[in-house]
Amino acid sequence: MATPGRLRPFPLGYLGLDAASLTEALADKLVHDIGKDGTHATDRDWLHAVIRAVRDRLIERALETERAYAAAGVRRVYYLSMEYLLGRALGNALLNLDFEEETRAALAAYGRELEALEGLEEDAALGNGGLGRLAACILDSMATLRLPGYGYGIRYEYGLFRQRIENGEQVEYPESWLRYGNPWEFPRPERLYPVHFGGRVESYRDAAGRLRFRWVDTEEVIAMAYDLPVPGWRTNTVNTLRLWGAKASRELDLRAFNAGEYVRAVERKIESEKLTAVLYPDDTTERGRELRLRQEHFFVSATVQDILARFRQEHGDDLARLPDKVSIQLNDTHPALAIVELLRLLLDEHGLDWDTAWDLTRRTCSYTNHTLMPEALERWPVALMERLLPRHLQLIYEINRRFLEEVNHRHPGDVTRLRALSLIDEEGGRSVRMAHLAFVGSHRVNGVARLHTRLMRETLFRGFHELWPERIVNVTNGVTPRRWLHHANRPLASLISSRIGHGWVGALEQLARLEPAAEEAAFREAFRAAKRACKARLADLVRERLGIAIDPDSLYDVQVKRIHEYKRQLLNVLHVVTLYNRLRADPHYEPAPRTVILAGKAAPGYRVAKLIIRLIHDVAAVVNADPAMRGRLRVVFVPNYDVTTAEDIIPAADLSEQISTAGTEASGTGCMKLGLNGALLIGTLDGANIEIREAVGEGNVFTFGLDADAAAALRANGYHPRARYEAEPELKLALDMIRGGHFSPGEPDRYAALVESLLARDRYLVLADYTDYVACQQRVAEAWRDPDGWSRRAVLTVARMGRFSSDRTVRDYAERVWGVRPVPHE
Ligand code: 26Q
């Protein structure tokens with residue numbers, strides 16, 4: 001065993017990717033970065049030492065990457081997202097560097113085990129769900145494709161809350177992911193930008209006599225950069241994710257004349273640093289909150305200043321070249337104020353005229369939409385904007401005035417149209433429609449799945465699409481195969497590589513070469529063994545964490561995602577209750593032993609979603625305690641769904657539940673991760689399900705329910721959920737049991753209002769799709785009884801998932817939106 005306490009000069013090759021160099025480096029990191037010796041170091045100290053050693057190897061490549069981009073003078077892509085669901089980084093970095101074996105060996109020399117250390121890394125959860133995880137997958141793919149791409153975001157001190165289940169209910173706890181420090185990050189205390197709020201706008205005449213504006217008497221907060229390395233898969237490219245933290249302005253350092261003033265001054269400093277304290281834990285409707293608007297402006301202002309600084313350093317003051325050198329991608333409307341901030345800087349700081357500034361802004365920005373649901377569209381009260389960002393509001397009015405003039409020119413006197421397209425919603429307290437702002441300020445606007453893009457053109461952005469038919473394009477989402485197959489599912493990844501080689505990790509289309517293997521009994525057998533290993537692992541985890549025994553030979557029926565009415569976890573529960581009733585009614589009924597696995601967080605303020613979690617637990621308690629089930633049915637809810645838990649659950653899934661009301665799920669990406677891991681899809685014709693079905697073949701997925709057009713038609717022509725209830729005895733029984741307290745005997749009317757609202761309105765057509773869903777689940781059970789037929793379809797599913805790599809997604813963006821190309825370097 002080597003002794004880490006000994007000092008010695010750094011040998012050449014100190015940063016080498018071999019076990020000997022790393023062994024040296026670990027001792028150095030442990031002593032000099034962590035300040036411990038081998039006898040006192042904890043596992044976490046060793047983890048941080050490993051991360052620091054890996055970080056050293058990444059930062060050299062990151063600096064080299066940046067030099068290569070600068071030397072090439074190419075256009076950069078800036079991905080602006082308020083959320084990044086990164087998860088753990090060590091395992092991913094080691095795989096990308098092809099450095100895992102060496103690391104395991106080096107640690108072994110100190111008597112430590114890599115996997116044990118990996119399990120201690122914090123899961124970076126700076127996001128809510130699909131949108132945040134998509135941002136993380138896109139960063140991975142930009143680096144892998146050697147594209148000059150930068151991520152920008154916020155360094156929240158508290159990411160998404162930790163979910164605990166207490167007496168069957170979700171309880172939220174703050175998660176301080178930085179409590180041991182973040183060993184990956186490079187703080188940049190010199191990369192500082194002032195960000196302003198409040199104040200008022202003054203006009204003046206410049207030297208040339210032109211009318212100009214000045215934003216004065218503002219409060220100031222400082223944005224400080226923290227950089228994280230983003231390594232590509234087996235390339236030397238390492239890109240950067242830059243996260244901003246809030247720091248108090250020196251302007252608050254006023255002279256204090258007494259102790260009270262001094263303490264108040266420090267309090268004000270602390271107050272301003274709270275800006276980046278917490279991520280808003282809502283994936284739809286949290287709105288109107290002043291702090292959230294402050295976060296959005298803080299984020300985009302610092303980012304746009306940084307982008308302009310890099311541009312000017314490289315290309316000087318010729319801002320006319322901005323769109324040739326800069327592409328800004330807005331991840332939903334959350335960073336849409338970047339449009340206004342860029343325009344403001346071009347006008348007020350750089351003295352450009354309106355037409356030039358606006359043209360440059362629009363050619364630089366593009367916007368990704370992730371939802372069509374009206375209540376999820378961001379709108380900010382005009383009064384709040386006026387108080388916080390008066391100059392920005394002025395500019396929004398001017399953008400709107402010119403835009404509506406254009407609309408009026410094309411459709412003279414069409415007041416209804418003007419009202420519908422305006423950036424300002426005049427109904428019920430005026431507000432700014434951020435989606436309209438993002439649309440008019442972008443040269444490209446994209447949807448995230450084909451159906452979603454079509455619906456954007458036909459519904460939400462219909463009028464905009466008529467004005468600018470070229471602007472809306474589709475870029476179907478994807479997921480990174482590095483994390484979601486290669487890293488998360490070693491057994492399957494090894495099996496695939498043994499058959500078709502390793503190239504699929506960086507070129508997922510190659511999975512197609514697996515197709516012939518679906519017809520080979522030996523391969524199907526090996527596939528089942530790999531799946532069985534993942535299922536046994538999950539069973540261990542469920543037993544340890546929840547004390548529930550699940551059978552790895554049962555069908556793992558998995559629905560993992562945020563809890564939301566439109567995602568219809570309730571439909572899943574209704575199927576469970578129906579199955580339960582059938583099994584109780586007939587002890588000889590043996591459809592398929594099934595383990596229904598659910599996981600997901602509810603927004604803390606979303607009462608119905610939290611009630612759904614409670615219902616899942618109440619139903620699970622009754623089902624799991626009933627001896628009559630005899631292993632034929634189990635229900636488990638895995639708490640605190642995050643990226644790490646997803647990596648545990650997804651590889652073990654047999655069946656992937658994607659059952660949203662058609663027309664509501666923009667894309668979904670869980671469907672892709674699950675398909676890639678060989679789960680068969682049961683789903684509606686919604687979001688990306690449609691494209692997955694097309695890719696894997698109708699015969700290999702289980703489709704049910706109304707399609708988007710039929711769902712819209714049903715609503716338009718009068719939908720009567722109560723009639724469905726009366727007409728369908730099993731549905732009636734299930735709902736009566738839930739409503740009557742069968743699953744909540746201690747509080748019989750716990751779900752009365754929930755059931756009543758389904759009977760009265762059923763906004764998401766749960767009852768309308770119930771019968772078809774239950775019938776479809778019966779086809780699933782029948783298919784499961786033929787293990788060979790099932791695994792044939794599962795292998796084909798994997799083989800046909802190549803299109804759903806985020807590498808393809810990023811290539812689509814590069815081509816259709818950004819106009820950038822790879823920058824190779826050594
Ligand atoms: C908005 C304002 C204030 C506070 C929070 C928010 C907020 C935060 C997060 C609004 C929405 C989100 C997240 C949305 C999201 O995750 N959408 C999902 O994006 C995926 C990637 O495109 C799609 O696959 C999913 O269909 C979509 O639901």
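The figures here come from the full heavy-atom set of this structure, side chains too, leaving out hydrogens, waters and symmetry mates. Counting starts at 1 for both ligands and their atoms, following the listed order. Since this is a predicted model, take the numbers as computed values, not measurements.
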Residue part near ligand 1, for R292, under 4.0 Å between non-hydrogen atoms: side chain

Shortest reach to atom 25 (C) of ligand 1 by a heavy atom, considering only E665, M672, Q295, H370: E665

Ring-face cation contact, Y173 with R164, 6.0 Å cut, 45° max: yes

G132, any N or O under 3.5 Å of ligand 1 N or O: no

Distance filter under 4.0 Å to E83 heavy atoms, resulting ligand 1 atoms: 8 (C), 9 (C)

Proximal atoms of ligand 1 relative to Y566 (non-hydrogen, under 4.0 Å): 28 (O)

Sidechain N-carboxylate O distance under 4.0 Å for R482, D807: yes

Location of contacts on N477 toward ligand 1, heavy atoms closer than 4.0 Å: side chain

Contact partition for R289 relative to ligand 1, non-hydrogen atoms under 4.0 Å: neither

Salt bridge R454-E458, side-chain N to carboxylate O under 4.0 Å: yes

Y150 versus R242, side-chain donor and acceptor atoms under 3.5 Å: no

Lys/Arg N to Asp/Glu carboxylate O, D123 vs R162, below 4.0 Å: no

Pi-cation contact, F197 with R294 (under 6.0 Å, within 45°): yes

Ligand 1 versus H334: contacting region, heavy-atom distance under 4.0 Å: side chain

Polar contact flag for S667 and ligand 1 (N/O pairs, less than 3.5 Å): yes

Proximal atoms of ligand 1 relative to G130 (non-hydrogen, under 4.0 Å): 16 (O), 19 (O), 20 (C), 21 (C)

Under 3.5 Å side-chain donor-acceptor pair for Y566 and E665: yes

Flag if over 12 foreign heavy atoms under 6.0 Å of CD, E470: no

Contact (N/O only, under 3.5 Å) between G668 and ligand 1: yes

Atom indices of ligand 1 within 4.0 angstrom of D282 heavy atoms, with elements: 5 (C), 6 (C), 7 (C), 8 (C), 9 (C)

Ion pair R763/E375, N-O distance below 4.0 Å: yes

Test item, G687 contacting ligand 1 (heavy atom, 4.0 angstrom): no

Under 4.0 Å to a heavy atom of A666 - the qualifying atoms of ligand 1, by number: 26 (O)

